[in-house]
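Start at 1 and go down the list; that is how both ligands and their atoms are numbered. Excluded from the calculations below are hydrogen atoms, water molecules and symmetry mates; all remaining heavy atoms, backbone and side chain alike, are included.
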Amino acid sequence: MPSELDFLIVGSGLYGAVFAHEAHKRGKRVKVIDKRSHLGGNIYCKEIEGIQVHQYGAHIFHTNDETIWSYVNQFTKFNNYINSPMAFSKGKLYNLPFNMNTFYQLWGVTTPQEAHNVLQEQITKYGYAEPKNLEEQALSLVGKDIYETLIKEYTEKQWGKPANQLPSFIIKRLPVRLRFDNNYFNDRFQGIPEGGYNCLINALLKDIATEVGVDYFQNRNHFDQLAEQVVYTGKIDEFFDYEFGQLAYRSLRFETEILDIDNFQGNAVINYNDKNTPFTRIIEHKHFEFGTQSKTVITKEYPQNWDLAKEAYYPINDEHNQAIYKKYQAKADTLPNVIFGGRLAEYRYYDMHQIIASALKAVKIAFKE
Ligand code: UDP
């Protein structure tokens, strides 16, 4: 019996939505299902007091790739938001990423040469020729003052482990800038969809059949028979019934409050870098869109240990978990009718632009283009 669909897409996050859009555009019969009660995966926003609240953590779109930027801009207009988070540590505020403003706040230095000299002095004194963990890596990149003020305690809260037991790649990408420039990202293009991320997802999924509140695993045979091919964006270990063991994640808990004031912290993101505060950051959502509502909505973000009952946010990309993932990946490669993609199926901490690139690549392979 011929299948009802060409593609059944399991998961309506950015990967699933981009794949669905592209397949639909090529005349294929597509349906998207999601076990949550809404579309959009982790970029979903809930409107509260007229403010787009990022329900699964702050998402700031940024990319250096002009084709990806043009791609998303066909669907919705992006504003000119630039991420410039502040860091609160031991009673003082600092600019991020580490730049001339931060160095001035820390050491009172006013020129790049002075800042360079202090950094070099600190790195020579505290750095390692061959850093073996995150602590040694950070000391070798920025020295002791920055490490102790802005990195150590934040990182230990974030990952729930001492910094000298964490892999160094986590902070390899922290930029150090000898310019007065608080833009957190080095990318050329950046912004937030006007009206929130749901506009992007809804535009991608326009005219495509979708169903929410449906769990693929509850009725797997039925779903598999429905379509020629399945695009699976959930956890890859769950797909294979955990036969090679569970992949580990770090989870988050969000506490959201509506406040009867129009401006709580004057910035979308303030990190809380010392251990005296149990959360890692407060997001004030309205500032992503320069909101002028009379109330404000804030979210405190608490890192937490992950278990199967919790949302899987950050893959733990250590050797142990990578070895497990490789086994699943090899098995996935033997299934020609299933495409695995996205953060959970590829077990990678992707930024949004990377997810889109990955989905567009999968489309090219699937359609032999
Ligand atoms: N980090 C830090 N202090 C900060 C911000 C980041 O030490 O104020 C470190 C921390 O180890 C974190 C990593 O840098 O896990 C990556 O941070 P990023 O802001 O890129 O992470 P995300 O926003 O994706 O959680």
- prompt: What atoms of ligand 1 come closer than 4.0 angstrom to any heavy atom of L96?
  reply: 8 (O)
message: According to salt bridge (Lys or Arg N to Asp or Glu O under 4.0 Å), does anything in residues 218-227 pair up with another residue at least two apart or in another chain? List the pairs.
response: none
field: Sub-4.0 Å heavy-atom approach of M86 to ligand 1
entry: no
field: Region of I151 that comes within reach of ligand 1 [heavy atoms, distance under 4.0 Å]
entry: both
field: Proximal ligand 1 atoms for Y314, defined as those under 4.0 Å from one of its heavy atoms
entry: 22 (P), 25 (O)
query: Using heavy atoms and a threshold below 4.0 Å, how should the contact between L150 and ligand 1 be classified: side chain, backbone, both, or neither?
result: backbone
message: Once you measure the plane-to-plane angle for F75 and Y71, does it fall in the parallel (<30°), tilted (30-60°) or perpendicular (>60°) bin?
response: perpendicular
- prompt: By number and element, which atoms of ligand 1 are closer than 4.0 Å to a non-hydrogen atom of I171?
  reply: 9 (C), 11 (O), 14 (O)
query: Given Y328, which of Y242, F239, F244 fulfils the ring-ring contact (aromatic ring centres under 6.0 Å, His included) condition?
result: F244
query: Counting both backbone and side chain atoms, is some N or O of R281 under 3.5 Å from an N or O of ligand 1?
result: yes
Atoms of ligand 1, numbered as shown, that sit under 4.0 Å from any heavy atom of Q158: 15 (O), 25 (O)
- prompt: Any Lys/Arg nitrogen of E255 or R253 sitting under 4.0 Å from an Asp/Glu carboxylate oxygen of the other?
  reply: yes
message: Is the ring pair H353/F61 parallel, tilted or perpendicular, if the boundaries are 30 and 60 degrees?
response: perpendicular
Steps toward side-chain contact (heavy atoms from CB on, under 4.5 Å) verdict (R26, F367): CA-CA 9 Å; R26 286 162 176 77; F367 289 90; 3.6 Å; yes
- request: On the 0 to 90° scale, with breaks at 30° and 60°, tag the F240-F340 ring pair as parallel, tilted or perpendicular.
  value: parallel
- line: For I170, the ligand 1 atoms with a heavy-atom partner under 4.0 Å come out as 11 (O), 13 (C), 15 (O)
- prompt: Is the F217 ring parallel, tilted or perpendicular to the Y232 ring (thresholds 30°, 60°)?
  reply: perpendicular
query: Against heavy atoms of N273, which atoms of ligand 1 measure under 4.0 Å?
result: 3 (N), 4 (C), 8 (O)
field: Numbered atoms and elements of ligand 1 in range of Y184, under 4.0 angstrom, heavy atoms
entry: 5 (C), 6 (C), 17 (O), 18 (P), 19 (O), 20 (O)
